[in-house]
Chemist: 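Please find one structure pasted underneath; my questions will follow.
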Amino acid sequence: MTRRPPLGISAVWEAVMKAAGEQCQCSGGLCGSQHSKTGLRCIRTTGHGRLLVAPADLTLSPVAAAGVPTEQLRAWCLDCHSKAQNRQMASLRQAEQHQSEEPLSLF
């Protein structure tokens, strides 16, 4: 597979890929996989498929994510990104639900 940056933000994509060594930066169970067979880091690279650029906090709105500085962006493979986003959103919903629960009344 050829290494092609996405249209429109190629300079940002190139900077993040260079910092990441052109490898998905998911590690230590962010996506639910411990990546234990691969040194605790996803092994997908630009040679194995497309990588995208996104912040580590995948619960940010698209507008907030667009404002994240390049140094705080990560390289993600599609699989790890999707799974990590689902896990982070579920955790956020659970935290919001826990905060919004009314305290038990005494009477």
Chemist: To the nearest 0.5 angstrom, please state how far the CE atom of M89 sits from the CG atom of L58.
Modeler: 9.5 Å
Chemist: Verify the neighbour count for atom CD1 of I43: are there more than 12 heavy atoms of other residues, nucleotides or ligands below 6.0 Å?
Modeler: no
Chemist: Can any side-chain N or O of R41 pair as donor or acceptor with the backbone N or O of Q23 at less than 3.5 Å?
Modeler: yes
Chemist: Quick one: closest heavy-atom pair of C77 and R44, and the distance?
Modeler: SG-NH1, 3.5 Å
Chemist: Short question: side chain of Q88, backbone of A56 - any donor-acceptor pair under 3.5 Å?
Modeler: yes
Chemist: If you compare all heavy atoms of L30 against all heavy atoms of W76, which two are closest, and at what distance to 0.1 Å?
Modeler: CD1-CH2, 4.2 Å
Chemist: Could you tell me whether the side chain of S82 and the main chain of D79 form a donor-acceptor pair under 3.5 Å?
Modeler: no
Chemist: To the nearest 0.5 Å, what is the distance between NE2 on H81 and CG on N86?
Modeler: 10.0 Å
Chemist: Kindly indicate, with the supporting measurements, whether the criterion side-chain contact (heavy atoms from CB on, under 4.5 Å) is fulfilled by W13 and T46.
Modeler: CA-CA 11 Å; W13 188 86; T46 54; 4.0 Å; yes
Chemist: So which atom in L60 and which in P55 form the shortest heavy-atom distance, rounded to 0.1 Å?
Modeler: CD1-CG, 4.0 Å
Chemist: To check you understand the geometry: which heavy-atom pair defines the closest contact between A75 and V16, and what is its length?
Modeler: N-CG1, 3.7 Å
Chemist: Roughly how far, to the nearest 0.5 Å, is CD of Q85 from SG of C80?
Modeler: 13.0 Å
Chemist: Identify the heavy atoms of C26 and H35 that sit nearest to each other, and give their distance.
Modeler: SG-NE2, 3.5 Å
Chemist: Please round to the nearest 0.5 Å and tell me the distance separating atom OG of S27 and atom CZ of R74.
Modeler: 5.5 Å
Chemist: Can you tell me how far CD of Q25 sits from SG of C42, rounded to the nearest 0.5 angstrom?
Modeler: 10.5 Å
Chemist: Between atom CD of E22 and atom CG of L51, what is the distance when rounded to the nearest 0.5 Å?
Modeler: 8.0 Å
Chemist: Do L52 and V12 belong together in a cluster built from hydrophobic side chains that touch within less than 4.5 Å?
Modeler: no
